[in-house]
Structure formats: C-alpha cells, structure tokens
Amino acid sequence: MSLEIIESCVNCYACEPLCPNEAIYQAAPHFLIDPDKCTECLGDFDDAQCTSICPIEGAIVDELGVALNLPGSLTGISAEMLAKYQAAVEAAYQAALAAKAG
Amino acid sequence: MDLPVINSIPSSGEPAAGGGCASNSCGSTDDQLGHLPEHIRAKVHNHPCYSEQAHHYFARMHVAVAPACNIQCHYCNRKYDCSNESRPGVVSEVLTPQQAVKKVMAVAANIPQMTVLGIAGPGDPLANPERTFATFRELSEKAPDIKLCVSTNGLALPESVEELAKHNIDHVTITINCVDPDVGAQIYPWVFWKNERVMGREGAAILIEQQQKGLEMLTARGILVKVNSVMIPGVNDKHLAEVSKVVKSKGAFLHNVMPLIAEPEHGTFYGLMGQPSPTAEELQKLQDACSGDMNMMRHCRQCRADAVGLLGEDRGQEFTMDKIEDMEIDYPAAMVKRAEVHAEIAKELEEKDNKARAAKAELVSIHGMTPSAPATRPVLMAVSTKGGGVINEHFGHAHEFLVYEASGNGVRFIGHRKTTPYCEGGSSCGDGETALDETLRVLKGCEVVLSAKIGFEPWAPLEAAGIQPNGEHAMEPIEEAIAAVYEELRAAGKLDEKPNPQQKVA
Ligand code: SF4
Ligand code: SF4
C-alpha cells in the first residue's frame, strides 16, 4: 500500500519534510516515494500528508494510478478552461504561421 | 532629517494622517520615510528596497533557496515559479543553502554596492524554515555586513518569529492582500494548515489570522515589517485602503501596493480567467488613496526572486553556480573594500541631500509662497535613468520610466512604469511601433518626459499624446532637472491652465 509521485511533479520539496515515514526522497527527474516505507499515512494522519500539500494536480497517484488531487481541485482551473486556452493559443499560432506563409 | 527626493511637509512635522487635500493629492503627501521614527529611518536609510534615494546607489539580491509553499494564490502558477509577489513564468534555479551562501559572498565581493540579501521564494521562505535559516545563520557569521530580509505570505510567521529574532533579521515583508476572509476566498483557493489542506473561506480566514498575529509579534519585538499587497481589480482594490489602515495600526512601517500581473500565458487562475491588471493610473490612484493612512512605497519593481544587481538591471548571468564554483573569495578583504565604497556613497548621498534641500528652498522662494499653499497645479513628469540619480538613459533604451510629481511643494517620486524599450539599440528597431504604443500608454498622465536623448521618430507621437519630450537635461540630477522644467512651465503660464483632472481628484 503506497502512493506514487509521477512526472508532473515540479520538485518543490513541499512534501518531503512532511512524510511521517521519511518515504519521500529527492531524485531525478523528480521526487519519489519509497513504496516499502509509505503507509499512506495510516495511523499518523487523517490525510496523506504529501497529497495534502502538493500544489500540482495529478502529481501524486494511488496504487491504481488514480490522481488524488483532481484537475481543477487545487487551482480552480478546470480541464475545460485549460483546454480552451490551449486551443486558443494553438489557433493563434497557426494563424500567424498561415499569415507568414501567405 | 529630511529625505529629499520625495516632497515632505517642510513646516509641520505631523504625519499625514487623515487624507484630504492638504495632506494628499495636491502634492504634499509625505515621502515614504519622512515620518518614520529616527531609529527606523536609520535602519532603512540605505536599504535599496525601502529608500528611493538608496535605490539608485545600492543593490539588493535574492537567492532562491525556498521552493516549497504552504498556500496557493490565484496569481501564482506553481508549475513555473512563485514568490509572494509573483511574476509567473520566470523559473529560478533553486540553490542549496551552501550554494546560496557562496553566491551571495561572490556577488558581495564583486558588487560592493550589494547591501541586502532577501529570501523570497520561489515558494515561501518560512514554509522552508530549515533551508532559509541555514542560509541566514551562515551569512550572519561569514558576511556580517550584509542586511538580511525575508518575504512571506505569513501563514507560518508566528511560529518563526522567535527564530527570526535570533538571527537578527530586521526586515520582514508580509504579503497581505486582505483582512476579510470573504475577499480572501477569492484570492486563496487553499492553505496547508495543521496537517490538512483547508479550502476556500476557511483557509483564507486562517491565513489572515496568522498574518495579523505575525505582524503584531514582529512589531512588538521591534522588527521592521513592510506589507506588500497585490492590487486585484474587482477583488481587493476597494478593500486595500482598509488593509492599509489595519496594518498601520499594528505597526507596519511601509505599505507597498503592487499591480497584479496576469496574462493567460502564465497559466494562473487569474490569467486564464481574464482577470484584468490595474492600469498605471488606477494603481497610482489607489496608492494616493492609501497614502493618507500610511507611508507608501512607490518604487518597488517586483524584482525577480533570483535577481542580482542595481536598479532595474540584472547581472545574474555573471553569477551562475558554475561560474561561482571557480571563484576564490577573500571575504575579509572584500569587506574592507565594501566599507570604503559604502562610505563613498554615503558621502555622495549626503551632498545630494543638501543640494536637493537647497533646490527645494529655491523653488519655493521663486514661487514666493508658503509650501503648504501651492497655487500652481502639480505636473507629472517621467524620467529615464540608468541609476546614479541622474538623467542618463536614452528614451528608446528605457525599460522603465521613473515618474515624479512636481508642484509648488517640490518634487516627489511617484513610481515606476515599466515598458518595452522603444528601440533595443540594434540597427533595426523591429517592433518599435508597438513598443512605442506601450510606452505612450504607460506614460499616460505625464506631461513631460526627460531623457538623455530622444530620437526624432517618437517625438511627434509623444507630443500628440500630450507628453512634451525633453532632452535638454541630460546627465543632470533628476530632481533638479524636474524642478527646472516645472519652473519653465510656470514662467510660460502653463500651470494656470485647466488642471489635470487626475491630479485634483482626491
Ligand atoms: S502518503 Fe504519507 S507516508 Fe506515504 S509518502 Fe505521502 S506522506 Fe509519506
Ligand atoms: S509536493 Fe508535489 S510537486 Fe512538490 S515535490 Fe512533492 S510531489 Fe513534487
């Protein structure tokens, strides 16, 4: 039973000192959790500490690979909002390319 | 005891307490340091973040040793970088405390003007107490001639006061955007508090309580506290006058209102929601409104968390970690050199003080009236400078303009306005057109712009925008030049014309 830090981690160090089991360690390209040490904080805290401070939605997942902080839950920026914005940027970029070519 | 750059009220020593015309927007607002108690003023006199005058001569630097944060702000994107006064999108290199100490000493040895080290991010310094305090501890020992400051969101402040006091850190900046949890709920989606993530209004209420408590604890111990606020139109703009009042009553010595910077490409909540940033005019209006209650700071440049250098410059590239590793630093020797340079600057500053005071007296006597009853309207003028307190930057090369207000009471500094240089100095000016538009926009409200040199092209557009270009005072001290131009305007009868409405409305 353990959590996992995945590639969207931004290496902010916030989780590392909070772990009651010293399961979190700095690694390249991002922080990692030692699955043998992680207890998901059971017996120590109501909430998994790393998951409770991590600012990046989706950076920490459970054993099934399910994100513990869902998109939009921390920043208020929903997946739709982000997608819309990315589409707009892409469109502007394509338009600029087309203008240059034409 | 006058600091000369900004006007002060020569005849009365009273703090500008209540607002109103005489103490507020008619040009007689006190400068930001003028009414501080002597012991506080002594502490901040040569501090580039607090003294506009010192800003031209001394330098500050920040080191990024504190990556973790314990709250989320809607103007910050943790995927890039943060600091309490975040400019998202700028990634700084996170240093270990040992690397930070080495970097600071290397910079201090090479740039003797560097007098202040700040830790301001990229997260919250007090959310990284070990890293932050290890840096301070080693520096107080090895480089005692460097002042230390720390900038925090305040959540972990009460528990850190003891430790801060121990390291003799005499300047703390708290970013306080609100004192009302309902406002806070629109700025802070969550805080991490007592092993839990606390969302929304409840989280904001905890943050506010901790900020206020920390502020009181620090001032009770005689530690200087500056308060930064980010002005977010439609969210806390109306509320910040109240914030100013509250933090002043709790002993903060300066309040610095900064504009929100929010662009969609920053990927912040505000950026993506299209939350507008305040215009330079809106910002100034709010600063004026708050200054009736508080010493306002107007020269903050929201410098990057890892910036190095003087004024708007950034010499960070000279001090990257790989370059520093090879440097041999004899700090005791450097300290001797530094002391000499500091004494030199102090002398220069003092001479300038005296000169400016004389210039002000002259201006007042020309007008033949008491300083508290200005008969001529105040005029905003912009200046381009590379530092040293003189007009020595070309119009087209300026990354920012310093805005001053000239009135019958003298010359006071109002703030910085950043822009993209009209001409980057290359052979072709490329985007010159749009950059000039941007410059015209940031200079709105100014009637004169003084530069070391102003090219032919921007001349007509400037005039058309009601801004008189002036290249006649190159290399002259800023305040003297502005006073001279003001006097010319007065002699030409231009100050009797309809007053600029922005200037008169309090
Ligand atoms: S869930 Fe708890 S025990 Fe597991 S890594 Fe996170 S903080 Fe450590
Ligand atoms: S808190 Fe999240 S982003 Fe920060 S280091 Fe830990 S896993 Fe990575």
Side-chain angles (χ1 to χ4, degrees), chain A residues 6-21 24 26 28-31 40-60 68-93 96, chain B residues 64-82 88 91-97 121-125 127-132 155-156 185-200 203 263-275:
Chain A
I6 63 170
E7 69 280 353
S8 51
C9 163
V10 296
N11 295 305
C12 79
Y13 289 70
C15 54
E16 190 263 346
L18 294 178
C19 178
N21 300 310
I24 305 173
Q26 191 177 7
H30 57 77
F31 278 73
E40 300 194 5
C41 287
L42 277 185
D44 288 301
F45 298 102
D46 290 344
D47 304 324
Q49 291 301 288
C50 52
T51 315
S52 297
I53 199 164
C54 180
I56 305 298
E57 294 152 356
I60 302 181
L68 295 162
N69 291 308
L70 297 173
S73 65
L74 304 182
T75 55
I77 302 168
S78 65
E80 293 83 60
M81 231 165 109
L82 204 58
K84 214 163 122 194
Y85 163 67
Q86 280 161 345
V89 171
E90 180 63 21
Y93 178 68
Chain B
V65 296
C69 198
N70 47 11
I71 70 172
Q72 174 73 50
C73 306
H74 272 328
Y75 46 78
C76 174
N77 177 355
R78 296 308 319 277
K79 286 189 185 126
Y80 299 105
D81 201 345
C82 169
V91 182
S92 41
E93 181 189 16
V94 173
L95 305 179
T96 65
D124 187 81
N128 302 256
E130 274 133 59
R131 300 171 69 92
T132 297
L155 184 65
Q186 300 170 60
I187 304 171
Y188 308 105
W190 58 266
V191 310
F192 182 80
W193 179 245
K194 292 203 195 296
N195 301 99
E196 264 178 62
R197 196 185 320 255
V198 184
M199 314 296 293
E263 299 292 341
E265 58 268 31
H266 296 154
T268 61
F269 178 81
Y270 284 148
L272 292 173
M273 291 300 280
Q275 167 68 48

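Every chain is numbered from 1 and lettered A, B, ... according to where its sequence line falls, protein lines coming before strand lines. We use all heavy atoms of the structure for the numbers below, so side chains are in, but hydrogens, waters and symmetry mates are not.
In terms of heavy-atom proximity, A/Pro55 sits nearest to B/Gln72 at CB-OE1, 4.2 Å. A pairwise comparison of heavy atoms in B/Ala68 and A/Tyr13 identifies CB-C, 4.2 Å as the closest pair.
You'll find the side chain of B/Asn195 reaches within 4.5 Å of the side chain of A/Phe45, heavy atoms only.
Listed by chain and number, the residues in a ring pair (Phe, Tyr, Trp, His ring centres under 6.0 Å) with B/Tyr188 amount to none (sequence neighbours excluded).
In summary, of the residues considered (A/Ile53, A/Asp47, A/Leu74), a side chain to side chain contact (heavy atoms under 4.5 Å, CB included) with B/Arg197 occurs for A/Leu74 alone.
Interatomic distance, B/Asn77 CG to A/Thr75 OG1, rounded to the nearest 0.5 Å: 8.5 Å. Interatomic distance, CH2 of B/Trp190 versus CG of A/Asn69, reported as 8.5 Å (0.5 Å rounding). Atoms OG and CZ, on A/Ser78 and B/Phe269 in that order, are 9.0 Å from each other to the nearest 0.5 Å.
Looking only at heavy-atom pairs under 4.5 Å with chain B, the residue among A/Cys12, A/Ala14, A/Cys15, A/Cys41 that has the most is A/Cys12.
With a 4.5 Å cut-off on non-hydrogen atoms, B/Met273 touches chain A through its backbone and its side chain both. Looking at A/Ser73, only its backbone comes within 4.5 Å of chain B, counting heavy atoms on both sides. Heavy-atom distances place no part of A/Asp44 under 4.5 Å from chain B, backbone and side chain included.
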